[in-house]
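To start, the structure under review is shown below, and the notes come after it.
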Number of protein chains: 2
Amino acid sequence: MNTAERLIAAAADLLDAGGDAAVTLRAVGSAVGVSHNAPYKHFASRDELLAAVANADFHALADEWRKVRASDREPEQRLLDALDVAVRFSRDHPARYRLLFNRPDIAGLGESLARTADEALGEFGAIVADGQATGLLPATDGNELAILLFATAHGLIDAEASGRILPKTGWPEIGTGLQILIRLLAGGARS
Amino acid sequence: MNTAERLIAAAADLLDAGGDAAVTLRAVGSAVGVSHNAPYKHFASRDELLAAVANADFHALADEWRKVRASDREPEQRLLDALDVAVRFSRDHPARYRLLFNRPDIAGLGESLARTADEALGEFGAIVADGQATGLLPATDGNELAILLFATAHGLIDAEASGRILPKTGWPEIGTGLQILIRLLAGGARS
DNA sequence: ACCTGAACACCGTTCAAGT
DNA sequence: ACCTGAACACCGTTCAAGT
């Protein structure tokens, strides 16, 4: 690993350990064994370093979704697995999840970040499209349903993170809410 | 307005004008005409001041939802109006919207903030329940559907704010996505 | 090419003191 | 009860200098 990669890894570890506020350039440099302004030789600013962390995490999510899509499980299970990838990431790495989906000021940085994010969400969309092709989910134009499903999952994840909504649902898991939604979409008003 | 209320209003204005980073205690104090540490006589910390802004905004949202619920429009329009309240607030006051729904570290502060948030979301839930009572929306246990609808709206709002997803949908508005979802829920797999 | 050390202009927070 | 001014320990960023 070169210095830039080690800085990215150190920033990711600090995000996990102490959240956004813990990622000071002094702490990142110290973890890697360089001075507090060495990062400026590899990244234009602290935000660009964070964007590089997000870029690496989008690549990792895309890989996981590719695996889910290629698995031999039932279509509904593949869809729930795909959503679970996002849910688990948000629980294991909450600060890094927020970096991916809750930071408009960072979303536009790095030039390649927007493309990497599109690739990752494209993999998720392909799994939803598979679910539509098998008749599990209703057909819609383009990737509308994928966007609605991901938006709902993201909304439930945020609600869980902020402790705002979930406690009063009686749902043991975000996945319960997503199962209910999928059943409502598949079954319509009859259910 | 007493000093505490003027500090809250000044913080809200700074959030609108320059985002979270613009809300320094020095800027807030200066806007009100007091010193940069006078806020500590009214709030325990900068975060508690921000929580007070969030508390006021939740009260305002609850008022708007009450008005929507009492209006004489069609049930579907009332539901779309209710969702539009959140969408418009997120566009007119993005930093303040993020304070309400994207800041787990602030959600737990102030003691009354969690209650105010519950009251506001309860008003939204009542509008959804009205939609279920009229047969527009499928019946579910408790307020499950309200949570799913709000989570989806929040997810689409976040997606628009981060510029991540909406550009490639061809949707002119977040409301378009919400209309599609409501129609899918009402009509089921047939659509 | 890559890094360091000192410096600058900020920031939240604390504290002693004033009315 | 409410406020001020100085001070403290931080922070991101810049810059001149070193190899």
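Note that the structure is predicted; figures quoted are calculated from it, not measured. Proteins come first, then strands; the chains are lettered A, B, ... in the order of their sequence lines, and each starts at number 1.
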* Can you name the salt bridge (Lys or Arg N to Asp or Glu O under 4.0 Å) partners of B/R26, sequence neighbours left out? -> none
* Structure fact -> Residues passing the salt bridge (Lys or Arg N to Asp or Glu O under 4.0 Å) test with A/D13, sequence neighbours excluded, are none
* To do: List in chain and number order the residues that pass side-chain contact (heavy atoms from CB on, under 4.5 Å) with B/A126, two or more places apart in sequence or in another chain; answer none if no residue qualifies.
  => B/R69
* Asked: Sequence neighbours excluded, which residues qualify as side-chain contact (heavy atoms from CB on, under 4.5 Å) partners of B/L25?
  -> B/P39, B/Y40, B/R46, B/L49
* With sequence neighbours excluded, residues passing side-chain hydrogen bond (donor to acceptor under 3.5 Å, both in side chains) with B/S90 -> none
* To do: List for me each residue that meets side-chain hydrogen bond (donor to acceptor under 3.5 Å, both in side chains) alongside A/H42, sequence neighbours excluded, and say none if there are none.
  => none
* Asked: Looking only at side chains, do B/D47 and B/S45 share a donor and an acceptor under 3.5 Å apart?
  -> no
* Asked: Which residue pairs satisfy the ring pair (Phe, Tyr, Trp, His ring centres under 6.0 Å) criterion with at least one member in residues 64-106 of chain B, sequence neighbours excluded?
  -> B/F58-B/F101, B/W65-B/F124, B/F89-B/H93, B/Y97-B/F101, B/Y97-B/H154, B/F101-B/F150
* Structure fact -> Here the distance between atom P of D/dA1 and atom NE2 of B/H42, to the nearest Å, is 13 Å
* For every nucleotide of nucleotides 12-19 of chain C, 5' to 3': is a protein heavy atom under 4.0 Å from its base (B), only from its sugar-phosphate (S), or from neither (-)? -> BBBB----
* Structure fact -> Per-residue pairing states of DNA chain C in dot-bracket (Watson-Crick or G-U under 3.5 Å; . unpaired, | other strand) read ||.|||||...|||||.||
